[in-house]
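Let me begin by presenting the structure, written as structure tokens, before commenting on it.
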Amino acid sequence: MAETQTNARSCAPEVARVSILGATGSVGVNTLNVIEQHGAKFSVSALTANNNIDLLYEQCQKFHPEVAVVANERLVDEFSAKFNGSGYKPDIHAGSRGLELAASLDEVDYVMAAIVGAAGLPATLAAAQAGKRTLLANKEALVMSGGLLMNAARTHAAELLPIDSEHNAVFQCLAGSNACDVEKIILTASGGPFLKHPLDELADVTPEQAVAHPNWEMGKKISVDSATMMNKGLEIIEACLLFEKNAADIEVAIHPQSIIHSLVAYVDGSLIAHLAYPDMRVPIAHALAWPQRIRSGVSGIDLAKLGPLEFTEPDRLRFPCLQLAYQVLESGGSAAIVLNAANEVAVSSFLDSEIRFTEIPHVIDAALQHLGHEEVQELQMILEKDQQARSYARTFIEQSVRPS
Ligand code: NAD
Ligand code: MG
């Protein structure tokens with residue numbers, strides 16, 4: 001990630017003011033947990049949520065941000081009324097404009113981009129365009145925007161630091177290296193809950209089984225993505241963009257213990273790995289404090305108690321979504337937007353028990369075949385393509401996919 005290093009500012013602010021987009025989600029809550037451990041180093045300027053106004057209210061009362069945003073405009077009045085009679089009330093905003101405002105407030109130093117899915121793209125882009133240190137959890141925003149987000153970060157000298165544990169690990173393994181000395185990047189993947197599930201029973205797995213990740217506690221969407229391994233597919237695309245690599249430079253290794261978060265292989269035969277217990281507070285603390293280090297609340301690894309660490313190649317038959325991501329990298333252009341949008345629609349339909357688990361890749365494949373791929377460079381075009389792919393995926397599900 002050459003540009004991240006280039007954009008590095010030498011001094012961190014004495015107290016860094018943080019805006020958290022998606023504060024009520026799994027990454028958002030973990031971010032507040034790390035911030036709470038370091039009250040003297042960070043203050044919370046803005047918090048945003050979509051529907052969970054009860055938790056957003058609790059978070060506001062605890063961290064007293066100046067700004068709170070409810071993305072779902074229908075809930076704003078109810079949220080606002082919660083502050084009646086309370087001595088404190090933040091400036092309350094709504095909708096996507098509110099999210100963009102929270103991402104670009106003058107007083108904010110760091111923006112945690114932790115909204116799930118395509119909904120996070122405009123605000124994440126706004127953070128980069130405002131030159132903020134942008135802590136990128138929202139991988140879908142990068143995948144669908146391609147070079148747009150990277151270019152915005154470069155142009156506006158925004159430090160873009162990866163929060164996805166694998167990419168944060170790679171970032172750490174790359175420190176101080178020359179790009180030409182890197183032979184390949186190896187992203188690890190747990191394999192999710194169905195790594196060893198009988199193949200002929202995959203069609204019958206339930207949403208509850210799919211979201212029960214063996215090692216990580218995460219939001220529902222990314223948990224299903226981990227079960228199909230579309231998460232790793234998105235992460236391969238994410239790694240190509242962040243680290244300026246081609247698909248051929250990125251390998252995936254199944255590592256069920258989720259202790260090694262990724263590795264970088266160098267031309268001299270060295271393989272540098274990043275190890276930590278699977279807890280998102282590790283990459284979050286790293287990116288909040290970078291280039292320094294702070295405690296995350298996660299203990300260091302006890303090597304003697306670790307047990308064996310296993311690595312295998314992913315089974316492409318079991319995980320067809322992985323292949324779809326490689327196809328998209330080969331096609332280029334808007335294919336990644338279509339992949340991401342069709343996946344979001346398919347995952348949501350699976351969670352609503354409208355389609356089977358094994359039909360998720362069919363929906364994505366159909367959208368990719370039907371919609372083709374052209375060059376898209378502006379946000380508006382990206383959002384239009386995203387809508388087109390969503391609408392195609394929904395129609396495909398209604399017309400072609402057998403209800404389960
Ligand atoms: P989550 O579902 O737990 O939380 C999502 C957050 O986004 C919530 O605060 C929600 O209110 C907000 N949100 C949802 N839809 C929205 C909309 N339409 N408009 C505005 N806000 C909206 O998700 P998560 O697991 O915290 O994941 C967040 C992002 O981080 C995802 O992109 C995911 O891929 C990435 N990520 C998560 C983890 C993890 O451990 N959870 C790890 C790596 C990367
Ligand atoms: Mg990850």
Side-chain angles (χ1 to χ4, degrees), residues 19-33 46-56 59 68-76 79 93-103 112-124 135-144 161-171 187-192 211 213 215-226 229-239 242 252 255 258 260-262 274 276 278-284 287 298 340 343-344 347-348 351 383 386 390:
S19 172
I20 304 178
L21 312 176
T24 54
S26 158
V27 171
V29 167
N30 276 312
T31 305
L32 285 170
N33 179 293
L47 294 174
T48 86
N50 194 29
N51 292 324
N52 193 348
I53 54 172
D54 291 341
L55 180 55
L56 183 64
Q59 293 176 334
V69 179
V70 180
N72 181 345
E73 310 204 7
R74 280 170 301 178
L75 296 174
V76 176
F79 177 69
H93 298 267
S96 50
R97 280 180 180 223
L99 296 174
E100 287 174 51
L101 176 119
M112 168 57 79
I115 291 174
V116 60
L121 173 58
T124 304
L135 312 186
L136 184 73
N138 182 199
K139 68 192 86 182
E140 298 91 343
L142 180 59
V143 165
M144 64 192 290
L161 298 181
I163 293 297
D164 218 345
S165 56
E166 297 78 0
H167 304 73
N168 183 273
V170 170
F171 179 75
L187 301 178
T188 53
S190 69
V211 299
H213 195 281
N215 306 338
W216 296 95
E217 275 185 38
M218 308 183 285
K220 284 186 180 173
K221 192 262 176 183
I222 183 175
S223 298
V224 175
D225 284 350
S226 298
M229 276 192 82
M230 179 52 89
N231 183 48
K232 211 50 54 182
L234 297 173
E235 289 183 358
I236 295 167
I237 303 171
E238 182 185 10
L242 282 172
V252 173
H255 167 47
S258 297
I260 294 192
H261 296 294
S262 278
H274 172 267
D279 188 315
M280 285 306 289
R281 291 176 299 170
V282 174
I284 290 168
V298 181
N340 181 64
N343 180 55
E344 285 191 30
V347 168
S348 157
L351 285 170
L383 297 179
D386 172 74
R390 276 166 203 275

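Just follow the structure's listing: the first ligand is 1, and inside any ligand the first atom is 1. All heavy atoms count here, side chains included; hydrogens, waters and symmetry mates do not. Since we're looking at a predicted model, the values are computed, not measured.
In this structure, OE2 of Glu235 and OE1 of Glu166 enclose an angle of 100° at the Mg ion (ligand 2), rounded to 10°.
In this model, a donor atom of one side chain and an acceptor atom of the other lie less than 3.5 Å apart for Asn215 and Ser258.
For ligand 1, residues of the protein lying within 4.0 angstrom by heavy-atom distance are Gly22, Ala23, Thr24, Gly25, Ser26, Val27, Ala49, Asn50, Ala71, Leu99, Ala114, Ile115, Val116, Ala119, Ala137, Asn138, Lys139, Glu140, Asp164, Met218, Gly219, Ile222, Met280.
Salt bridge status for Glu235 with Lys232: present, with a side-chain N to carboxylate O gap under 4.0 Å.
Proximity of Lys221 to Asn343: side-chain heavy atoms (C-beta onward) are separated by under 4.5 Å at one or more points.
Under the rule for a side chain to side chain donor-acceptor pair (under 3.5 Å), His261 has no partner lying at least two apart in sequence or in another chain. Looking at residues two or more places apart in sequence or on another chain, you find a side chain to side chain donor-acceptor pair (under 3.5 Å) between Asn51 and Asn72. With sequence neighbours left out, Ser348 forms a side chain to side chain donor-acceptor pair (under 3.5 Å) with no residue at all.
The minimum distance between the Mg ion (ligand 2) and any N, O or S atom of Asp164 involves atom OD1.
Note that NE2 of His167 is 5.0 Å distant from CG of Leu187, once rounded to the nearest 0.5 Å.
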